[in-house]
K.L.:
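This is the structure I have questions about; it appears just below.
Below, each value reflects all heavy atoms present in this structure, side chains not excepted, and no hydrogens, waters or symmetry copies. Every number for a ligand or one of its atoms is a count from 1 in the order of the listing. Bear in mind the structure is a predicted one, so any value in this text is a computation, not a measurement.
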Amino acid sequence: MSLKNLKGKNFINLEDFTSDEIEELIELGIKLKKKTQNNKDLNLLKGKNLVMYFAKPSLRTRLSFEIGAKKLGASAYVIKQDEIILGKRESIEDTARVISKYADGITIRTFAHSDVELFAKYSSIPVVNALTDLSHPCQIMADLMTIKEKFKTFKGLKLAYIGDGNNVTNSLLKGCALVGMDIATGTPAGYEPNSNQIEIAKKIAQKTNSKVEIFESPYEAVKDASVIYGDVWTSMGQEAEAEQRKAIFTGYQINENLTKDANKDHIVLHCLPAHKGEEISYDTFEKNQEHIFNQAENRMYAQMAILATIMA
Ligand code: CP
Ligand code: NVA
């Protein structure tokens, strides 16, 4: 198997990739990190152009893609929602066909996952999902890279996701299953991950001999976990529900009391931005800050691996 086969492919859904491909991309991310840190020239995408569309705010995704693309020798151009309003000023189909004439790749952060799928149908350049309401695959590639750096393997490890069953959770379920790591979620009733995504993850887990477990109790979920993972209780686009969500998620804070039941050598990860004092306590965040900011750093290398592979 070689990553060469992935040239031109979209990076929209993790399940479109095999376990071997995901593991090879993670290894490439680790290699590119070492090379970058040793100031090696990485002209893998010299002369290429990446367009990045954002319908939602971003710190990490924007900068890690933009700077990562530049480190690979490519140029990156950001378009914000107010400039083109994807699907409103003109159709998504036409926008895709125009951007395909100028650029060599595009990242899209938006609301409806189906908009990214539609764009990809009409695009002749690879499309990368930079977060939709359904999933956030690039985040999970960085998360898996961080876990691999720390534990050297995925086998025998369990990740516990605590909080809102959201886009990050959906991608984590599939990502963990693909690399053969057990995953358990602890989410309040009515806030479980997307049921379709759970089914996809369970099917993958059967092949990789790993477990996908959905609990209401955060304590059940964290038992024997090596990685505990948190994300905001209110995702972008759900701001009107913020107060109601705070009340519902009260028992789901990742803190020293909850993490007692995890493995002794566990780490806590958070995709950021963090709302300390809500989904994670100040103490637990600071105790794990080295891992959490390494995870943020790895966004750049994991995405450089993706871009270098599909835009080559
Ligand atoms: N984790 C993440 O995607 O961060 P941004 O929303 O800042 O890009
Ligand atoms: N679930 C969060 C992730 C932010 C990176 C959101 O969609 O806002």
Side-chain angles (χ1 to χ4, degrees), residues 11-14 29 50 52-69 76 78-81 106-116 128-147 159 161-175 185-188 191-194 197 227-242 244-246 248-249 252-254 268-276 278-280 285 288-289 291-304 306-307:
F11 194 85
I12 299 177
N13 304 302
L14 288 174
L50 177 70
M52 303 162 63
Y53 175 76
F54 287 94
K56 292 176 177 175
S58 172
L59 170 66
R60 281 146 291 272
T61 307
R62 185 210 162 138
L63 288 179
S64 56
F65 264 117
E66 193 169 350
I67 297 173
V78 172
I79 312 176
K80 298 261 187 76
Q81 185 182 30
I106 178 158
T107 69
I108 302 178
R109 166 169 288 197
T110 194
F111 295 87
H113 191 78
S114 54
D115 285 355
V116 179
V128 177
N129 171 359
L131 182 147
T132 67
D133 289 346
L134 184 72
S135 58
H136 196 4
C138 294
Q139 175 67 54
I140 275 54
M141 294 304 285
D143 303 340
L144 294 175
M145 178 175 159
T146 308
I147 293 166
L159 181 145
Y161 175 91
I162 307 300
D164 181 31
N166 60 21
N167 43 9
V168 168
T169 331
N170 293 335
S171 292
L172 269 175
L173 287 167
K174 298 180 291 186
T185 62
T187 59
Y191 293 86
E192 296 88 358
N194 177 292
Q197 301 286 302
V227 182
I228 301 173
Y229 195 113
D231 184 14
V232 290
W233 290 338
T234 300
S235 285
M236 292 179 279
Q238 300 172 332
E239 289 77 7
E241 299 170 25
Q244 184 195 346
R245 283 172 169 266
K246 262 188 215 168
I248 292 167
F249 286 94
Y252 289 81
Q253 186 184 74
I254 299 174
V268 175
L269 296 181
H270 192 305
C271 59
L272 301 176
H275 291 168
K276 286 168 248 177
E278 291 183 25
E279 76 275 0
I280 188 163
F285 185 93
N288 288 279
Q289 61 84 21
H291 306 301
I292 293 169
F293 291 108
N294 184 41
Q295 178 187 10
E297 179 182 359
N298 285 341
R299 288 293 303 276
M300 187 166 74
Y301 301 111
Q303 289 160 191
M304 283 166 72
I306 296 166
L307 295 181

K.L.:
Pick one: which of D133, L131, T132 meets side-chain contact (heavy atoms from CB on, under 4.5 Å) with F111?
P.N.:
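The residue from D133, L131, T132 that satisfies side-chain contact (heavy atoms from CB on, under 4.5 Å) with F111 turns out to be D133.
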
K.L.:
Say whether S58, considering both its backbone and side-chain N or O atoms, lies within less than 3.5 Å of an N or O atom on ligand 1.
P.N.:
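Among all N and O atoms of S58, at least one is under 3.5 Å from an N or O of ligand 1.
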
K.L.:
Is K56 atom NZ crowded by more than 12 heavy atoms from other residues, nucleotides or ligands, each under 6.0 Å away?
P.N.:
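It does: K56 NZ has more than 12 such atoms within range.
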
K.L.:
Does any N or O atom in M236 lie less than 3.5 angstrom from one in ligand 1, N or O only?
P.N.:
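By distance alone, the answer is no.
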
K.L.:
Can K276 be said to sit on top of F285's aromatic six-ring, NZ or CZ under 6.0 Å from centre and within 45° of the ring axis?
P.N.:
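Yes; both conditions hold, so K276 lies above the ring face of F285.
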
K.L.:
Do D231 and ligand 2 have an N or O pair less than 3.5 Å apart?
P.N.:
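Right, the criterion is met.
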
K.L.:
Enumerate the atoms of ligand 2 whose separation from the nearest heavy atom of N166 is less than 4.0 angstrom.
P.N.:
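Result: 1 (N).
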
K.L.:
Report the distance from atom OG1 of T61 to atom CZ of R109, rounding to the nearest 0.5 Å.
P.N.:
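Reported to 0.5 Å precision, the distance equals 3.5 Å.
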
K.L.:
Could an N or O of ligand 2 be found under 3.5 Å from any N or O of K56, whether backbone or side chain?
P.N.:
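Such a contact does not occur with ligand 2.
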
K.L.:
For the residue pair Q303 and S64, confirm or rule out a side-chain donor-acceptor distance under 3.5 Å.
P.N.:
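Checked: Q303/S64 side chains pair up, N/O donor to acceptor below 3.5 Å.
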
K.L.:
For atom 8 (O) of ligand 2, find the nearest protein heavy atom and state the residue, atom name and distance (0.1 Å precision).
P.N.:
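Looking only at protein heavy atoms, the one closest to atom 8 (O) of ligand 2 is M236 N, 2.8 Å.
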
K.L.:
Using a strict threshold of under 4.0 Å (side-chain N to carboxylate O), is an ion pair present between D143 and R299?
P.N.:
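Looking at D143 together with R299, the answer is no, because their closest N to O distance does not fall below 4.0 Å.
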
K.L.:
How many angstroms lie between NE2 in H275 and CD in E278, if you round to the nearest 0.5 Å?
P.N.:
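The distance works out to 6.5 Å.
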
K.L.:
Is there a ring-ring contact (aromatic ring centres under 6.0 Å, His included) between Y191 and F249? Walk through the geometry before answering.
P.N.:
CA-CA 9 Å; Y191 293 86; F249 286 94; 5.1 Å; yes

K.L.:
What's the separation between atom CE in M236 and atom CG in N166, rounded to the nearest 0.5 Å?
P.N.:
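With rounding to 0.5 Å, CE (M236) is 10.0 Å from CG (N166).
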
K.L.:
Students should be able to answer this: which protein heavy-atom is nearest to atom 7 (O) of ligand 2, and at what distance?
P.N.:
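Atom 7 (O) of ligand 2 sits closest to the protein heavy atom N167 ND2, 2.8 Å.
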
K.L.:
Could you tell me whether ligand 1 has any atom less than 4.0 Å away from a heavy atom of L131?
P.N.:
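No, L131 has no heavy atom closer than 4.0 Å to ligand 1.
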
K.L.:
If you count the atoms of ligand 1 from 1 in the order shown, which ones are under 4.0 Å from a heavy atom of H136?
P.N.:
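Ligand 1 atoms under the 4.0 Å threshold to H136: 2 (C), 3 (O).
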
K.L.:
I'd like the name of whichever of R60, K56, R109 reaches closest to atom 6 (O) of ligand 1 through any heavy atom.
P.N.:
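Comparing heavy atoms across R60, K56, R109, the nearest one to atom 6 (O) of ligand 1 lies in R109.
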
K.L.:
Looking only at distances, can you tell me whether any N or O atom of C271, backbone or side chain, sits closer than 3.5 Å to an N or O atom of ligand 1?
P.N.:
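Yes, since at least one N or O of C271 sits under 3.5 Å from an N or O of ligand 1.
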
K.L.:
Identify, for atom 2 (C) of ligand 1, the protein heavy atom at the shortest distance, and state residue, atom and that distance.
P.N.:
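Atom 2 (C) of ligand 1 sits closest to the protein heavy atom R299 NH1, 3.3 Å.
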
K.L.:
How far is atom 5 (C) of ligand 2 from its nearest protein heavy atom, and which residue and atom name does that atom have?
P.N.:
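Its nearest protein heavy-atom neighbour is L272 O, 3.7 Å.
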
K.L.:
For atom 7 (O) of ligand 1, grab the closest protein heavy atom and report residue, atom and distance to one decimal in Å.
P.N.:
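It is L59 N, 2.7 Å.
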
